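Note sheet for the following structure.
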Amino acid sequence: QVQLVESGGGLVQAGGSLRLSCAASGRTFSSYRMGWFRQAPGKEREFVARINWNTGTTYYADSVKGRFTLSRDNGKNTVYLQMNSLKPEDTAVYFCATQPARRTVALSAAAYDYWGQGTQVTVSS
């Protein structure tokens, strides 16, 4: 029902910034959350941040608090993840995903229904 496309990844030096975008199309839930996850080689998919599309409420993993910021553009059906003060440990493929807001909130990737293809973020030291 929903198609998600991430973009904005790239190669940056430590301390640099990137802004990731996740554009949604197709049929969407009337109330839903958009989550960001990341996965590095050899590691499990890790929760990064989420935003309630309707209320704007955000939540961040401890590892990115103070450095990453979520925002949304309802007119463009797009959510943005502004990443500042990037560290080498932020290197991963970043994915966006959706879940209906009526579902009990969870950090697990398994709780999300639709996923984008991912965008690579590489931070050099």
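Just so we're clear, the structure is a prediction, and the values are computed from it rather than from any experiment.
- M34 and Y114 end up in the same hydrophobic cluster when Ile, Leu, Val, Met, Phe, Trp and Tyr side chains are linked at under 4.5 Å.
- Contact of the S63 side chain with the E89 side chain is not registered, since no non-hydrogen atoms from C-beta on lie closer than 4.5 Å.
- Shown here for R45 and A109, the closest heavy-atom pair between the two residues is CD-CB, 4.2 Å.
- When hydrophobic clusters are built by joining Ile, Leu, Val, Met, Phe, Trp and Tyr residues whose side-chain heavy atoms come closer than 4.5 Å, directly or via intermediates, L107 is grouped together with V93.
- W36 and W115 are not part of a single hydrophobic cluster, where members link through side-chain heavy atoms under 4.5 Å apart.
- Looking only at side-chain heavy atoms (C-beta outward), T98 and L4 come within less than 4.5 Å of each other.
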Please report the C-alpha distance between R72 and I51 in whole Å, then the side-chain angles of each, then the deciding distance to 0.1 Å, and finally whether the side chain to side chain contact (heavy atoms under 4.5 Å, CB included) criterion is met. CA-CA 8 Å; R72 71 190 194 279; I51 183 169; 4.1 Å; yes
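- For the pair V64/F47, no side-chain contact is recorded, criterion being any heavy-atom separation below 4.5 Å from C-beta on.
- The OG atom of S7 sits 9.0 Å away from the CZ atom of R19 when rounded to the nearest 0.5 Å.
- To the nearest 0.5 angstrom, Q120 atom CD is 12.0 Å from E6 atom CD.
- At least one donor-acceptor pair under 3.5 Å links the side chain of R33 to the backbone N or O of R103.
- Between the CG atom of L81 and the CG atom of L18 there is a distance of 9.5 Å, given to the nearest 0.5 Å.
- Salt bridge absent: K87 and D90 never bring a charged side-chain N and a carboxylate O closer than 4.0 Å.
- Residues A24 and V2 share a closest heavy-atom pair of CB-CG1, 4.5 Å.
- With rounding to the nearest 0.5 angstrom, the CG atom of L20 is 9.0 Å from the CD atom of Q82.
- To the nearest 0.5 Å, atoms SG (C96) and CG (L70) are separated by 11.0 Å.
- The closest side-chain heavy-atom distance from R50 to T57 is not below 4.5 Å.
- Remark: side-chain polar atoms of Q99 are not paired, donor with acceptor, to backbone N or O of D113 under 3.5 angstrom.
- Judged purely by atom type and a 3.5 angstrom limit, Q39 has no side-chain atom pairing as donor or acceptor with the backbone of A92.
- A distance below 6.0 Å separates the ring centres of Y112 and F37.
- Using modelled atom types, one finds a donor on one side chain and an acceptor on the other under 3.5 Å when comparing Y94 with R38.
- Side-chain atoms of N52 never come within 3.5 Å of backbone atoms of A101 as a donor-acceptor pair (strictly under, hydrogens ignored).
- Using modelled atom types and a 3.5 Å distance limit, the side chains of T78 and D73 yield no donor-acceptor pair.
- A chain of hydrophobic side-chain contacts below 4.5 Å, direct or via other Ile, Leu, Val, Met, Phe, Trp or Tyr residues, connects V79 to Y60.
- Between the OG atom in S85 and the CZ atom in R67 there is a gap of 7.0 Å [rounded to 0.5 Å].
- Under the 4.5 Å side-chain heavy-atom criterion for grouping Ile, Leu, Val, Met, Phe, Trp and Tyr, Y32 is not connected to F95 through any hydrophobic cluster.
- More than 12 heavy atoms of other shown residues, nucleotides or ligands fall within 6.0 angstrom of atom NZ in K65.
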